[in-house]
Amino acid sequence: MHSPLQTIAFIDLADSTAAYQAMGSEEVAGVISKVTQWIGRVCEAHDGRILKFLGDGVMAEFGNSVDAVTAAVFLQQQHTKRIRRWPEPLHMGLKIGLASGAVVRMGNDAYGDPVNFASRLSDMSGSNAIWATESVINQLRTNRRHRISNRGEVLENIRYRSLGMIRIKGIVQPHPVFQIEWNDEIPTDLITIRGVLQEPELPDTEKVESHIELGWEGTNKVFVSSELPIQIGRVPDCHFVISDPRVSRKHSTIEWINGAFVLADQSTYGTWIRFTGKSASEVQLRRSQCILHSGGEMALGVPFSDASAPVLSFQVRAG
């Protein structure tokens with residue numbers, strides 16, 4: 001049977017496979033179990049209902065988008081603080097997808113477009129991100145004057161930005177996707193990079209892979225989209241190594257998400273990005289993401305205003 005409009009949330013732990021490979025299975029499984037149970041309690045505390053536990057993730061539903069977004073932001077903020085004290089292999093960030101709409105009830109399970117969208121966005125979002133459909137954002141906009149959760153909280157500081165029209169796996173037409181900002185240290189006006197509308201796919205015989213070229217102090221490497229994700233950092237096992245003490249051991253990753261190169265900052269002090277030919281303000285990332293397009297530079301650990309900053313160049317070539 002159909003239920004009233006609900007907001008579905010998929011919350012998954014990223015990089016759990018790597019954690020299993022680096023540490024004992026029993027230890028990692030125990031940590032994942034504790035984290036997912038905590039996620040469930042947080043969702044319930046925000047008037048959500050757990051639909052199912054999914055191994056290293058949770059599927060929950062909320063009566064409105066405000067409660068769902070509030071829970072997602074709280075989860076990201078608290079989980080990010082907690083994992084800083086854990087061994088590095090256990091730095092498994094959260095990937096959260098949100099979608100609103102009518103769902104179909106069958107027993108204790110739910111089906112329908114919101115379930116499918118939330119699941120796909122969770123997969124696509126990358127570590128430490130919250131991606132949402134336009135239906136979620138529309139509810140936030142509707143409640144702009146009195147953005148109040150079921151628990152009576154006034155929520156004036158919910159921030160989001162458009163990622164543009166994105167092609168979602170398994171869904172024919174591109175859809176508008178938004179990123180919910182949960183890190184208060186990042187000014188909203190610096191987060192303005194939009195997504196790209198993916199062109200219709202060519203036959204396999206005509207496809208040419210997109211690639212990104214990185215350069216630092218005479219070292220240049222080219223990575224094609226099928227090789228991603230890649231890690232940028234100070235330690236030798238990173239795919240692109242920058243031996244500067246201000247660069248974190250594993251500073252950032254570049255992933256290929258739905259036809260775009262997406263940089264995710266995972267560092268202690270942040271990443272600054274400026275694009276070639278752009279007069280807009282620099283984009284500052286701190287445990288957040290942006291889409292890399294055309295070309296430009298990124299300063300790691302310190303801003304461009306520091307003349308000694310380690311600056312990495314990048315150039316994107318579309319397939």
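Given the structure is predicted, the values throughout are model-derived calculations rather than measurements.
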Provide the closest heavy-atom pair for [X] versus [Y] in the form atom of the first, atom of the second, distance.
{"X": "Q179", "Y": "A129", "value": "OE1-CB, 4.4 Å"}
{"X": "V316", "Y": "L292", "value": "CG2-O, 3.9 Å"}
{"X": "G270", "Y": "D265", "value": "C-OD1, 3.6 Å"}
{"X": "A299", "Y": "A309", "value": "CB-CB, 4.4 Å"}
{"X": "W182", "Y": "V73", "value": "CB-CG1, 3.9 Å"}
{"X": "G215", "Y": "N220", "value": "CA-ND2, 3.7 Å"}

Same cluster or not: [X] versus [Y], using hydrophobic residues (I, L, V, M, F, W, Y) connected whenever any side-chain heavy atoms lie under 4.5 Å apart?
{"X": "V241", "Y": "I230", "value": "no"}
{"X": "V311", "Y": "F240", "value": "no"}
{"X": "F314", "Y": "W272", "value": "no"}
{"X": "V28", "Y": "W86", "value": "yes"}

Exercise. Taking D12 as the fixed residue, which of M92, K95, M59 is the one that meets the side chain to side chain contact (heavy atoms under 4.5 Å, CB included) rule?
Worked result: K95
Quick one: are [X] and [Y] in side-chain contact, heavy atoms under 4.5 Å?
{"X": "Y269", "Y": "V302", "value": "no"}
{"X": "R120", "Y": "F10", "value": "no"}
{"X": "S100", "Y": "Q6", "value": "no"}
{"X": "I83", "Y": "L90", "value": "no"}
{"X": "Q266", "Y": "S252", "value": "no"}
{"X": "I8", "Y": "L98", "value": "no"}
{"X": "L5", "Y": "N64", "value": "no"}
{"X": "W131", "Y": "M124", "value": "yes"}

Could you tell me the separation between the [atom1] atom of [X] and the [atom2] atom of [Y], rounded to the nearest 0.5 Å?
{"X": "H211", "Y": "K221", "atom1": "NE2", "atom2": "NZ", "answer": "15.5 Å"}
{"X": "D67", "Y": "H46", "atom1": "CG", "atom2": "NE2", "answer": "8.0 Å"}
{"X": "I273", "Y": "I291", "atom1": "CD1", "atom2": "CD1", "answer": "11.0 Å"}
{"X": "E297", "Y": "W216", "atom1": "CD", "atom2": "CH2", "answer": "14.0 Å"}
{"X": "L228", "Y": "I212", "atom1": "CG", "atom2": "CD1", "answer": "7.5 Å"}
{"X": "R317", "Y": "S225", "atom1": "CZ", "atom2": "OG", "answer": "15.0 Å"}

Exercise. What do you reckon, is CZ of R82 surrounded by more than 12 foreign heavy atoms closer than 6.0 Å?
Worked result: yes
Exercise. Run the side-chain contact (heavy atoms from CB on, under 4.5 Å) check on L300 and I232 step by step: do they pass?
Worked result: CA-CA 10 Å; L300 309 183; I232 300 170; 4.2 Å; yes
Could you tell me whether a side-chain N or O of [X] sits under 3.5 Å from a main-chain N or O of [Y], the two making a donor and an acceptor?
{"X": "S119", "Y": "V115", "answer": "no"}
{"X": "S33", "Y": "A29", "answer": "no"}
{"X": "E255", "Y": "F261", "answer": "no"}

For this session: Measure up the W38 and F74 rings against each other and bin them: parallel (under 30°), tilted (30 to 60°), perpendicular (over 60°).
Result: tilted
For this session: Using the side-chain contact (heavy atoms from CB on, under 4.5 Å) rule, take W256 and V224 through it: C-alpha gap first, then chi angles, then the decisive distance, then the call.
Result: CA-CA 9 Å; W256 178 249; V224 298; over 6 Å; no
Could you verify whether a donor N or O on one side chain and an acceptor N or O on the other, from [X] and [Y], lie under 3.5 Å apart?
{"X": "S65", "Y": "T7", "value": "yes"}
{"X": "T268", "Y": "R84", "value": "no"}
{"X": "T271", "Y": "H251", "value": "yes"}

For this session: Verify side-chain contact (heavy atoms from CB on, under 4.5 Å) between I50 and C43, making sure each step is shown before the conclusion.
Result: CA-CA 7 Å; I50 304 306; C43 290; 3.9 Å; yes
Exercise. Hey, mind stepping through F223 and H239 against side-chain contact (heavy atoms from CB on, under 4.5 Å) and telling me if it holds?
Worked result: CA-CA 10 Å; F223 302 93; H239 300 87; 4.2 Å; yes
For this session: Mark yes or no: R49 above the aromatic ring of F62, with NZ or CZ under 6.0 Å from the six-membered ring centre and no more than 45 degrees from the axis.
Result: no
